[in-house]
Amino acid sequence: KKRRDALHTKGQAMDRFKYDKRDLEFLKDFRQYLRPIFENYFRVDYHGVKDLEGTPSLFVGNHNGIFSVEILMMLEIWARELQFKFPGIFGLTHDMVFNHAVLKHIVPKIGCIPANPDIAKEAFKHGHSLLVYPGGEFETFRPLSEKSEVQFSGRKGFARLALEADVPIIPVANVGGHEQSLVLYRDEEIAKMRDFKKKFRVSAIPITPFGIPFIPGLFSKYTEKFAFYSMIAFSSFPMPAKMDFYFEKPIKLTEEEKHKKTFDQQVDLLNQKVLDSLQYRLTREYSRPRVPLYGEVEARGLLRKLLKMAS
């Protein structure tokens, strides 16, 4: 793929979106470090971008890996390809990130905005597009054995937002991304027992080999905050998982599909269409011969490499 390094400026003449805190100079410098990670560490490939039309859209993806580096990979894809059709794509981001002492000063510069419906609608009114991962922490904390499953946990707010704003949804399937984190189990009981939904806005915690030593600290009010953030931090370093992003066909309900349906029924239908699109892609790609971290392989090619390594 031809590398595009220049950051596009089209669309800056539009009325200023007050939550647009992007810093193009910062993005330019940031990409110097992001580019080799994109190309050499995660070996990212992306498909379907050239078929998209540049209208304000809601990009909806499956969420992978505790650190969720796929958001940064999407930033690089935007800088290389998407910016020429979608000058402004903002990522709806969890409050926990904006409350972080360091991250809250960085994420706005790369296009992150609070995951608030009113802010999202304002972005659409200004002609921008949005990126959202409805599964949130529930999906990123799923065990590695469930990597091929889309798990939005019944969250349909994205579908409601798309209908209210009258914008299409573009499903973005990330295949391979969840292999970056060795999650053994997603524990909802401890999170519920310790009321983590209220304290940390998470409904579960990831159990990983690196996070297990911090579990006892979760049961004391004096150490639970330190234990929680330490568990997440020590479990977050991503392994070099090969990632493939698939931009699927835009989804928007037709007038015929909306006919004689309540708004809630329309939300359910749109939600199901997006889930089906993402799940079809994940099921299809994960059913092919794959090696964890390495990605899809041809059986003969893998056999030759194994024989060569053994000789």
Side chain to side chain donor-acceptor pair (under 3.5 Å) between Tyr246 and Glu285, intermediate numbers included: CA-CA 10 Å; Tyr246 294 86; Glu285 300 305 322; 3.3 Å; yes

Looking at every heavy atom in both [X] and [Y], which two are closest together, and how far apart are they?
| X | Y | answer |
| --- | --- | --- |
| Met243 | Val69 | CE-CG2, 3.6 Å |
| Arg186 | Gln151 | NH1-OE1, 2.7 Å |
| His63 | Glu70 | ND1-OE2, 2.6 Å |
| Phe42 | Ala241 | CD2-O, 3.3 Å |
| Trp78 | Phe86 | NE1-O, 2.9 Å |
| Leu182 | Leu144 | CD1-CD2, 3.9 Å |

Near [X] [atom1], under 6.0 Å, is it more than 12 heavy atoms from other residues, nucleotides or ligands?
| X | atom1 | value |
| --- | --- | --- |
| Lys199 | NZ | yes |
| Phe67 | CZ | no |
| Lys261 | NZ | yes |
| His259 | NE2 | no |

Is the shortest side-chain heavy-atom distance between [X] and [Y] below 4.5 Å?
| X | Y | answer |
| --- | --- | --- |
| Leu282 | Gln279 | yes |
| Tyr133 | Glu139 | no |
| Pro143 | Tyr185 | no |
| Phe141 | Ile207 | no |
| Leu92 | Ile113 | yes |
| Arg80 | Tyr46 | yes |
| Val49 | Lys85 | no |

[X] and [Y]: same hydrophobic cluster, using ILVMFWY side-chain contacts below 4.5 Å?
| X | Y | answer |
| --- | --- | --- |
| Leu270 | Tyr280 | no |
| Tyr33 | Ile110 | no |
| Phe30 | Leu24 | yes |
| Met231 | Phe138 | no |
| Leu27 | Val107 | no |

Step-by-step side chain to side chain donor-acceptor pair (under 3.5 Å) determination, Asp268 to Gln272: CA-CA 6 Å; Asp268 289 340; Gln272 193 58 53; over 6 Å; no

Arg31 vs Glu76, side-chain contact (heavy atoms from CB on, under 4.5 Å): CA-CA, chis, key distance, verdict: CA-CA 7 Å; Arg31 287 188 64 214; Glu76 181 64 15; 2.9 Å; yes

Between Phe90 and Tyr19, ring centroids under 6.0 Å: no

State whether [X] and [Y] are salt-bridged, where the test is any N-O pair (Lys NZ or Arg NE/NH1/NH2 against Asp/Glu carboxylate O) under 4.0 Å.
| X | Y | result |
| --- | --- | --- |
| Arg142 | Glu149 | no |
| Glu257 | Lys273 | yes |
| Lys249 | Asp51 | no |
| Asp244 | Lys242 | yes |

Distance (rounded to the nearest 0.5 Å) between Leu253 CG and Leu269 CG: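 Result: 5.0 Å between the selected atoms.
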
CG on Leu161 to CG on Asp118, rounded to 0.5 Å: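 If I round to the nearest 0.5 Å, the distance is 10.0 Å.
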
Pairs meeting criterion ring pair (Phe, Tyr, Trp, His ring centres under 6.0 Å) with involvement of residues 208-227, two or more places apart: Phe214-Phe234

Val97 and Cys112: CA distance, side-chain angles, deciding distance, side-chain contact (heavy atoms from CB on, under 4.5 Å) verdict: CA-CA 10 Å; Val97 177; Cys112 294; over 6 Å; no

Check: Glu137/Ser203 side-chain N/O donor and acceptor closer than 3.5 Å: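 Yes, because at least one side-chain N or O of Glu137 sits under 3.5 Å from a partner of the opposite role on Ser203.
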
